[in-house]
Undergrad: 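This structure is in structure tokens; I'll ask about it shortly.
Per chain, numbering begins at 1; letters A, B, ... match sequence-line order. Model, not experiment: these values are computed from the prediction.
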Amino acid sequence: MATIFRSSRRSPADADSADIEREAVPVQRAHSVLDLIGNTPMLEMTRITRGRIPPGVRIFAKLEGFNPGGSVKDRAARKMVEKGLESGALRPGKTIIDSTSGNTGIALAMVGAAVGYPVELVMAENVSRERKKIIEAYGAKIIFSDPMESSDGAIMLCREIIGKNPEKYFKPDQYNNEANSLAHLETTGPEIWRQTRGTITHFAATMGTSGTVMGTGRFLKSMNPEIRVIGVEPDDAMHGLEGLKHMASSIVPGIYHERELDSKIAVGTEESYEMVYTLGRDEGLLVGQSSGAAMIASLKLAQSLTDARIVTIFPDFGDKYLSTNLWIGWQEWHRKRTAVNP
Amino acid sequence: MPVRVRVPTPLRRFTAGADEVAAEGSSLRQVLENLEQRHPGIRERLLDEKGDIRRFVNIYVNGDDVRFLDSLNSKVKDGDDISIVPAIAGGR
């Protein structure tokens, strides 16, 4: 089997600890796009962390943008549809429906196409144009809810649509379906354990449905109860971190069990946006705002630690957001950065 | 001059839950100042330290994005309809 070898150049952080080795990543051959979900690469953040975190701390990001649908949501979508088919809740004649602001919609549309079921998605009208087009390209139908009502409006409209025609629909219900967390318990968690050779000490992930942090955290704690699991959320109800939920002011997802978290870190929208710019310029990584938030949180977490391996999740890449508010202010930021550090 | 301001869910804690409130002013800046007097705390959510509209906040006057009008200096008149819309949908 052909392999792609990652750079053999060792980062400065590797010098004192050789236990996280560089690996050959096999090129996979599959018969369904669903088999390409997961096994995403992990990247150590070496440039952006230089001089910003204590010397004994390392930060690794799992790049979920490498999933075929382009985000971490592929994992949950596949698992929820699989579970639906297994239980018979999803069977011929049914349509998959859910409320989603984007990445889950893309993932469900992709999975639906791959298993041959129609998909309908309810989302607030203000989600990015690229996402709407991508979803339509997979053959799914979009139903718009009032942008003033945010994601809670989409949830309520979706309930209403199903209420009118309950027999027609299968609703994966990512907010309340434990298969969402299970996907991470079965895939994301074990991958991180393997990729860090069991040396991970902290896991920090942004929360939307909270499936990633719940499932991954559960697995990691089962392997080593000392691992700290940290949820990352916006610092205010009024925020611009698409995909994330400010738990205190939202409909709390049924799969969210706060007691399983060791702590939470709040991040601001603007600092997260600027971190996206920094990741592009300093690491050569163009990601979405939730990855910016994850990186900000990891840097905050690192400050209080002396000897730690922090793993975080970068939920997707940034190409879906180029037309969004994320990039308002980039030119000004870039000018300032270039003036200071040409 | 009285205008109608539509308030998104995450800001309704400042308006006692109201999804629509009245405010006065002849420019968007004045309307937001007036809104702050009536509903203290709301301005900080909309404007940054420099007084500019936060990047993730979209404001529309009669359906037009003020970033394509005159931003905070956009003129408003009696009966205009102003909408504040967060640039996200939240919840993946």
Undergrad: How long is the straight-line distance from CG of A:D146 back to CZ of B:R6, given to the nearest 0.5 Å?
TA: 5.0 Å
Undergrad: Chain A heavy atoms under 4.5 Å from B:R13: which part of the residue, side chain, backbone, both or neither?
TA: side chain
Undergrad: Can you tell me how far the CE atom of A:M238 sits from the CD1 atom of B:I42, to the nearest 0.5 Å?
TA: 8.5 Å
Undergrad: Measuring only between side-chain heavy atoms, which start at C-beta, is B:P10 closer than 4.5 Å to A:H246?
TA: no
Undergrad: Please examine the side chains of B:F56 and A:E242, heavy atoms only from C-beta on, and report whether any two atoms are closer than 4.5 Å.
TA: no
Undergrad: How far does CG of B:D52 sit from CD of A:E332, to the nearest 0.5 angstrom?
TA: 7.5 Å
Undergrad: Could you pull out all residues at least two apart from B:R12 that satisfy salt bridge (charged side-chain N to carboxylate O under 4.0 Å, His left out)?
TA: A:E149
Undergrad: Can you confirm whether more than 12 heavy atoms, excluding those of B:E44, are under 6.0 Å from its CD atom?
TA: no
Undergrad: What part of B:V7 lies closer than 4.5 angstrom to a heavy atom of chain A: side chain, backbone, both or neither?
TA: backbone
Undergrad: In chain order, what residues pass the salt bridge (charged side-chain N to carboxylate O under 4.0 Å, His left out) check against A:K320, with sequence neighbours excluded?
TA: A:D316
Undergrad: Kindly say whether B:R55 contributes a backbone atom to a donor-acceptor pair with the side chain of A:N325 at under 3.5 angstrom?
TA: yes
Undergrad: Determine which pairs satisfy salt bridge (charged side-chain N to carboxylate O under 4.0 Å, His left out) with at least one residue from residues 57-74 of chain B, sequence neighbours left out, and list them in order.
TA: none
Undergrad: Which answer fits B:L46, side chain, backbone, both or neither, if we ask what part of it has an atom under 4.5 Å from a heavy atom of chain A?
TA: side chain
Undergrad: Taking 4.5 Å as the heavy-atom cut-off, does anything in residues 265-272 of chain A contact chain B, and if so which residues?
TA: A:T269, A:E270
